[in-house]
Asks: 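Dumping the structure here so I can ask a few things about it.
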Amino acid sequence: MTGRVLSGLVANRALAPSSKLAAADWIGRDVHIAGLPAVTGDACYRAMGWLHEVKDELGRQVFGEVANLLNLEVDLLFFDYPADQVQNLALAA
């Protein structure tokens, strides 16, 4: 179910950017994802928490796949992860 919630969050980010709470409502109202029951804000936060836990390994895998797919020689890959921004802002305060 976490993967389906993340798919909904990605779709929300691309099509109708909003907060995770508003995204949960948007997913339930405007989007159909097979096998995904009503999404709560808590489910969105749990999915993002899991993503945060695996972000280092995920980053290595994405880097390898993109570099291999595009036959690139790259040293650095950037990706948008809002929770890091929030954490960094909290540390700076």
Asks: Calculate, to the nearest 0.5 Å, the distance between atoms CG and CH2 belonging to Leu6 and Trp50 respectively.
Replies: 6.5 Å

Asks: Heavy atoms, side chains only, cut-off 4.5 Å: are Arg60 and Asp56 in contact?
Replies: yes

Asks: Would a single hydrophobic cluster contain both Met1 and Val10, if residues Ile, Leu, Val, Met, Phe, Trp and Tyr are joined by side-chain heavy-atom contacts under 4.5 Å?
Replies: no

Asks: Considering all heavy atoms of both residues, which atom of Leu15 and which atom of Pro17 are nearest to each other, and what is their separation?
Replies: C-CD, 3.8 Å

Asks: Within the 4.5 Å heavy-atom criterion, are Leu21 and Tyr45 side-chain neighbours or not?
Replies: yes

Asks: Are any of the side-chain heavy atoms of Leu36 and Ile27 separated by less than 4.5 Å?
Replies: yes

Asks: Other residues, nucleotides and ligands only: do more than 12 of their heavy atoms fall within 6.0 Å of CD on Glu65?
Replies: no

Asks: I need the minimum non-hydrogen distance between Ile33 and Arg4, along with the two atoms involved.
Replies: CD1-O, 3.7 Å

Asks: Closest approach of Trp26 and Ala16, non-hydrogen atoms and distance?
Replies: NE1-CB, 3.6 Å

Asks: Could you tell me if the side chain of Val39 sits less than 4.5 Å from the side chain of Cys44, heavy atoms only?
Replies: yes

Asks: Which atom names give the shortest non-hydrogen contact between Ala47 and Val5, and what distance separates them?
Replies: CB-CG1, 3.8 Å

